[in-house]
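Remarks on the structure that follows.
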Amino acid sequence: MKTKILFTIAAALTACVFLLSEGVSAANGKTDKKSIRLDVGQAEITEGDSITLKPSITGYKKCTISWSSSDKTVASVKKGGVVTALKAGTADISVRIKGTALKAVCRVTVAAKEPAQTDPDGYKTIVVDGKTLSLTFEDDFNGDTLDETKWERGPEQKRQDLNNYWDNSMSYLDGKGNLIIGMSYDRETDRFLSGAVRSRGKFEQAYGYFEIRCTVNNVPGYWTAFWLMGDSVTDETNGGRNGTEIDIIETPYYNTKQVQNTLNWDGYGSCHKSSGNVSDIDVYDGEYHTFSLLWTEKEYVFYVDGKESWRTDAAKALGTCEVPLFIKISSETGSWTGIPDPEKLPDCMKVDYVRVYQETERGALK
């Protein structure tokens with residue numbers, strides 16, 4: 001009898017251990033398993049686009065989760081489950097409950113974004129973001145003399161907070177189809193000399209598609225830039241509508257292999273405002289790349305090599321710029337990028353071409 005009682009007690013204890021190991025509450029008999037799931041297990045997105053994955057957690061009143069990507073060059077993920085497609089390929093986006101082995105995975109397939117389409121006869125008409133645009137301005141920089149019907153050199157003046165000056169000798173054609181925008185160091189004057197050209201008073205346009213094909217700086221400590229500017233940018237009223245400095249590309253991040261787009265408006269004094277974006281894109285390889293801007297009444301869209309890098313509806317700027325701006329191409333240095341090593345200079349930016357387009361029904365504003 002005692003043996004039978006002991007066997008019954010042992011069996012009961014075993015059953016309790018089994019039930020507890022399976023997460024069953026002895027009080028109500030309901031399952032209480034701990035788990036984490038995502039709202040989707042697979043997703044397809046296009047380069048430059050983003051989606052937000054939503055996790056569902058059970059069995060925890062409070063826990064901490066972490067996100068990761070199996071290939072950060074294909075798709076990145078930030079806190080909150082925001083996934084951004086970077087290039088064509090496949091990446092597994094995982095969310096994990098910290099301190100446990102519990103995780104959920106969504107396989108993200110990134111499709112390549114179609115670049116701007118050109119017409120069969122060349123590049124005089126293109127389609128960008130569903131808009132058909134026609135060529136209004138171009139320079140392929142052939143020959144050996146800067147076309148002064150299109151450009152003037154920037155004023156020879158001090159730039160930023162270092163001993164850097166724009167100098168006419170630092171912008172010229174190399175006779176091989178390139179505009180050279182240089183950066184050098186003059187030991188006699190202890191000056192960094194850099195180049196700049198602009199289309200002020202020769203070509204100005206509001207709205208359209210602006211593109212440059214060029215190399216960028218090959219050493220750290222200075223940056224190259226393709227930007228739009230106008231005398232009205234100094235106006236401190238009416239937000240960005242009265243004038244906006246639009247930096248289509250700036251390359252101050254040689255060491256971290258990043259590029260920058262920036263908007264500046266309401267002048268450069270106490271009312272000055274700005275908005276910008278830094279992208280993890282390595283263009284510091286000595287090769288030619290294209291940098292572009294689609295400027296419409298509603299937004300600015302920036303591209304690197306035909307792939308969208310930043311899109312803004314300009315709400316923070318109180319509207320996109322409504323007045324014509326001229327083109328600037330330049331190089332310069334400032335303490336925020338560090339100081340160039342004089343032993344690594346001279347260096348330069350090589351510009352293959354600049355092209356500007358406008359929606360067909362508009363026509364150019366000059």
Side-chain angles (χ1 to χ4, degrees), residues 9-114 129 253 256-261 274-282 298-304 307-316:
I9 293 173
L13 289 172
T14 301
C16 288
V17 171
F18 174 78
L19 290 173
L20 290 173
S21 69
E22 289 296 297
V24 177
S25 170
N28 55 29
K30 294 183 179 180
T31 302
D32 189 26
K33 292 183 178 180
K34 296 178 178 180
S35 65
I36 183 169
R37 296 179 298 161
L38 287 171
D39 55 337
V40 292
Q42 294 184 344
E44 295 184 4
I45 51 178
T46 304
E47 285 176 318
D49 292 342
S50 297
I51 59 171
T52 300
L53 299 178
K54 298 178 181 179
S56 176
I57 300 171
T58 59
Y60 287 90
K61 290 184 178 180
K62 185 177 181 181
C63 64
T64 303
I65 61 175
S66 61
W67 296 88
S68 63
S69 171
S70 65
D71 192 335
K72 295 179 181 179
T73 67
V74 172
S76 64
V77 61
K78 296 181 179 180
K79 185 178 180 180
V82 179
V83 179
T84 301
L86 301 176
K87 72 174 185 180
T90 302
D92 288 337
I93 305 299
S94 302
V95 60
R96 183 186 300 273
I97 298 177
K98 287 187 176 182
T100 76
L102 298 176
K103 71 174 183 178
V105 179
C106 175
R107 173 150 293 188
V108 173
T109 301
V110 178
K113 187 166 187 173
E114 294 184 5
D129 207 33
Y253 303 113
T256 55
K257 308 307 180 191
Q258 296 172 306
V259 296
Q260 177 170 291
N261 321 112
S274 67
S275 179
N277 176 70
V278 176
S279 301
D280 296 325
I281 303 175
D282 184 5
K298 296 181 179 179
E299 62 186 354
Y300 304 105
V301 188
F302 298 82
Y303 301 88
V304 177
K307 300 175 183 178
E308 185 179 318
S309 60
W310 186 38
R311 180 182 296 252
T312 171
D313 63 7
K316 292 183 179 180

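Position 1 is the first residue of the sequence, and the numbers go up from there. Computed from a predicted structure; not experimentally measured.
- Residues passing the ring-ring contact (aromatic ring centres under 6.0 Å, His included) test with Phe302 are Trp310, sequence neighbours excluded.
- The number of heavy atoms from other shown groups lying within 6.0 Å of NZ (Lys257) is above 12.
- Evaluation of the side chain to side chain contact (heavy atoms under 4.5 Å, CB included) rule for Ala85 yields Ile45, Val110 as partners, not counting sequence neighbours.
- Heavy atoms of other residues, nucleotides or ligands lying less than 6.0 angstrom from CD of Glu44 number 12 at most.
- Between Ser50 and Thr84, the shortest heavy-atom contact is OG-OG1, 3.0 Å.
- Judged as a side chain to side chain contact (heavy atoms under 4.5 Å, CB included), and not counting sequence neighbours, Lys79 has no contacts.
- Residue Arg96 comes nearest to Ala101 through the heavy atom pair NH1-O, 3.9 Å, listed as atom of the first residue, atom of the second, then distance.
- For the atom pair Glu308 CD and Ser279 OG, the distance stands at 10.0 Å (nearest 0.5 Å).
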- Message: Ser69 vs Ser76, test: side chain to side chain donor-acceptor pair (under 3.5 Å). Steps then yes/no.
- Response: CA-CA 6 Å; Ser69 171; Ser76 64; over 6 Å; no
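- We find that Asp92 and Lys103 are not joined by a salt bridge, their nearest charged nitrogen and carboxylate oxygen being 4.0 Å or further apart.
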- Message: Using side chain to side chain contact (heavy atoms under 4.5 Å, CB included), reason through Ile93 and Leu53 one step at a time and then give a plain yes or no.
- Response: CA-CA 9 Å; Ile93 305 299; Leu53 299 178; 3.8 Å; yes
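- Annotation: Arg311, atom CZ; neighbour count of heavy atoms from other residues, nucleotides and ligands within 6.0 Å is above 12.
- In this structure, Ala88 and Ala111 approach most closely via the heavy-atom pair CB-C, 4.5 Å.
- In this structure, OH on Tyr300 lies 15.0 Å from CG on Asn277, to the nearest 0.5 angstrom.
- Annotation: the span from Thr58 atom OG1 to Lys33 atom NZ amounts to 10.0 Å, rounded to 0.5 Å.
- Contact record, Ile97 with Thr100: O-OG1, 2.8 Å, taken as the closest heavy-atom pair.
- With a 4.5 Å cut-off on side-chain heavy atoms, Thr109 and Gln42 do not count as touching.
- Minimum heavy-atom separation, Cys63 to Ile57: SG-CD1, 3.8 Å.
- For the atom pair Thr90 OG1 and Arg107 CZ, the distance stands at 6.5 Å (nearest 0.5 Å).
- Considering CD1 of Ile65 and OG of Ser94, their distance stands at 12.0 Å, rounded to 0.5 Å.
- With sequence neighbours excluded, no residue forms a salt bridge (charged side-chain N to carboxylate O under 4.0 Å, His left out) with Asp282.
- Once rounded to the nearest 0.5 Å, the distance linking NZ of Lys113 with CG of Asp129 reads 6.0 Å.
- Listed by chain and residue number, Tyr253, Gln258 satisfy the side chain to side chain contact (heavy atoms under 4.5 Å, CB included) test with Thr256 (two or more places apart in sequence, or in another chain).
- In this view, Thr52 and Val82 satisfy the side chain to side chain contact (heavy atoms under 4.5 Å, CB included) rule, not counting sequence neighbours.
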- Task: Could you please spell out the steps behind the side chain to side chain contact (heavy atoms under 4.5 Å, CB included) verdict for Ser309 and Ile281?
- Result: CA-CA 9 Å; Ser309 60; Ile281 303 175; 4.1 Å; yes
